[in-house]
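Presented below is the structure to which this report refers.
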Amino acid sequence: MAIWGTRRGADARRQGAVRVGRDAPYAFNDKEAEMRAATSYVPRKSSRNGAVIFNIAVFAVACLVVLGVGWVLEGQVSLGLIILMVVVGLLALSSIHIALSWEKVVVLRFGKLARVVGPGLYLTIPIIEHGTIRVDQRVIATPFYAEKTLTADLVPVNIDAVLFWVVWDAEKACTEVEDYYAAVSFLAQTAMREAVGRSTVAEVALRRDQLDAEIKADIEKEAAGWGVDIISVKVRDIVIPDELVDVMSLEAQADREKNARMSVASVEADLAEMLAEAARAYGDPDAALALRTMLMQYETVKKSGSAVVTVPTAVSDGFTEGLGKAAGRG
């Protein structure tokens with residue numbers, strides 16, 4: 001059964017699990033298929049074959065003992081001896097039990113809680129006592145998700161997460177809640193919707209750790225009386241609409257460009273102060289602008305790989321005056 005479940009889960013994941021990304025949009029049907037694949041996957045669980053074989057052995061030994069005693073006393077096997085053998089075997093079967101190393105068993109006596117036993121061998125009074133539930137005290141990983149949950153700014157998002165929890169009090173888990181596994185699952189899903197509803201889409205996308213902590217706190221608040229300890233909550237994936245992804249991308253680009261321009265302006269102000277100090281050292285206030293012009297020329301040459309010819313100011317003024325006179329004669 002475990003092997004068949006594993007193959008079925010693998011086939012479902014191949015059909016439905018699609019990675020979210022800009023090149024591969026995550027549609028609602030794909031999301032639903034992935035979650036169905038996760039819930040339909042049947043993992044390999046610990047076997048109880050040893051406990052079953054032990055019960056069969058107890059029944060067989062009890063029957064053989066009664067049969068041997070009856071044969072010694074009567075010298076034959078009668079119908080009454082067979083009936084007695086079966087009854088004694090059933091009584092022994094309902095009296096001697098085994099709880100596995102990670103199990104706790106809640107025992108009731110006349111419908112009232114008697115004790116919590118296990119792990120190992122334990123005895124019950126036939127008919128009067130019975131083990132009502134076996135509680136697995138290992139860490140349990142429960143996937144849960146919320147589809148099209150509205151954030152504080154009314155943006156529908158799809159979120160799936162994993163809850164890690166453990167039952168530390170088998171008595172409370174049996175007596176305080178009908179189905180503790182289903183209750184924890186539904187509680188986790190509800191807590192996720194409430195936590196997402198209190199945050200904006202930007203907070204949900206960027207502050208996963210905070211979202212994990214809020215969901216964990218909400219679950220612990222409700223499940224504290226169920227004998228359940230919440231270890232951690234991990235948000236695995238957050239899917240937002242493609243249209244909003246484009247808008248958020250443009251917004252991020254605009255913020256980065258704004259920060260870049262502000263950085264350039266700040267650097268330009270610092271550079272102007274340094275050039276002004278250098279101009280004062282030269283004794284010419286206009287030298288600051290000339291130095292800045294030379295730096296800009298250097299940056300242009302460095303980027304383009306071209307050459308710049310620097311002409312002395314006196315020569316350039318001579319050319320300018322000659323051109324001016326020629327224009328006057330014309």
Side-chain angles (χ1 to χ4, degrees), residues 1-2 5 9 12 31-46 48 99-109 111-119 129-151 157-199 204 208-238:
M1 178 63 184
K31 185 67 177 179
E32 184 179 6
E34 182 184 5
M35 298 312 302
R36 288 181 178 178
T39 54
S40 63
Y41 173 67
V42 180
R44 295 178 181 270
K45 293 185 177 181
S46 303
R48 291 190 54 84
L100 300 182
S101 179
W102 52 84
E103 290 180 340
K104 290 286 188 180
V105 181
V106 179
V107 179
L108 301 182
R109 179 183 301 167
K112 294 183 178 181
L113 179 66
R115 61 190 184 279
V116 178
V117 298
E129 293 182 342
H130 66 280
T132 181
I133 187 173
R134 295 179 180 270
V135 178
D136 193 328
Q137 292 196 307
R138 294 174 293 181
V139 176
I140 303 173
T142 302
F144 62 101
Y145 61 98
E147 295 177 344
K148 295 186 177 180
T149 302
L150 292 179
T151 60
V157 296
N158 296 341
I159 303 178
D160 68 277
V162 179
L163 173 67
F164 296 93
W165 57 286
V166 65
V167 179
W168 60 270
D169 192 334
E171 178 181 339
K172 289 184 178 180
C174 179
T175 58
E176 298 296 331
V177 62
E178 179 184 4
D179 186 349
Y180 63 89
Y181 188 91
V184 170
S185 300
F186 291 134
L187 181 60
Q189 190 176 38
T190 303
M192 174 187 283
R193 292 183 180 275
E194 292 178 353
V196 172
R198 292 192 298 264
S199 306
V204 170
R208 292 197 179 190
D209 294 339
Q210 181 179 353
L211 185 62
D212 294 344
E214 290 183 5
I215 297 174
K216 180 176 181 293
D218 290 344
I219 299 175
E220 286 178 336
K221 190 185 305 180
E222 298 293 336
W226 300 348
V228 174
D229 184 22
I230 307 301
I231 299 175
S232 64
V233 177
K234 300 296 182 182
V235 174
R236 296 191 299 176
D237 199 6
I238 301 174

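What you see is a predicted model; the values in this text were computed from it and never measured.
Considering only heavy atoms from C-beta on, His130 comes within 4.5 Å of Leu108 through its side chain.
Residue Phe164 holds its CZ atom at 5.5 Å from OG of Ser232, rounded to the nearest 0.5 Å.
When all heavy atoms are compared, the tightest approach of Glu214 to Ser199 is OE1-OG, 4.2 Å. Ile215 approaches Ala195 most closely through the heavy-atom pair CG1-CB, 3.8 Å. Of all heavy-atom pairs between Gly118 and Lys104, the closest is O-NZ, 3.0 Å. For Val135 against Val167, the heavy-atom pair with the smallest separation is CG1-CG1, 3.5 Å. Taking each heavy atom of Val162 and Arg236 in turn, the nearest pair found is CG2-CD, 3.3 Å. In terms of heavy atoms, Val117 sits closest to Arg115 at CG1-NE, 3.5 Å.
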Given the rule in the salt bridge (Lys or Arg N to Asp or Glu O under 4.0 Å) test, do Glu129 and Lys112 qualify, once you have shown the distances and angles that lead to the verdict?
CA-CA 9 Å; Glu129 293 182 342; Lys112 294 183 178 181; over 6 Å; no
Might you work through the side-chain contact (heavy atoms from CB on, under 4.5 Å) test for Leu187 and Trp226, ending with a clear yes or no?
CA-CA 12 Å; Leu187 181 60; Trp226 300 348; 4.0 Å; yes
Using side-chain contact (heavy atoms from CB on, under 4.5 Å), reason through Ile219 and Leu163 one step at a time and then give a plain yes or no.
CA-CA 10 Å; Ile219 299 175; Leu163 173 67; 4.0 Å; yes
As a quick check of understanding, evaluate side-chain contact (heavy atoms from CB on, under 4.5 Å) for Val228 and Val184, giving each step before the final call.
CA-CA 9 Å; Val228 174; Val184 170; 4.2 Å; yes
Is there a side-chain contact (heavy atoms from CB on, under 4.5 Å) between Val196 and Ile159 once you walk through the steps?
CA-CA 9 Å; Val196 172; Ile159 303 178; 3.3 Å; yes
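Under the 3.5 Å distance criterion, the side-chain polar atoms of Gln189 are matched with a main-chain donor or acceptor of Tyr145. Here the side chain of Asp229 pairs no donor or acceptor atom with the backbone of Val166 at under 3.5 angstrom.
Checked for salt-bridge contact, Arg198 and Asp218 meet the test: a charged N lies under 4.0 Å from a carboxylate O. Ion pairing between Glu103 and Arg138 fails under the 4.0 Å rule for side-chain N and carboxylate O.
Using bins of under 30°, 30° to 60° and over 60° for the plane-to-plane angle, the ring pair Trp165/Tyr181 lands in the tilted bin.
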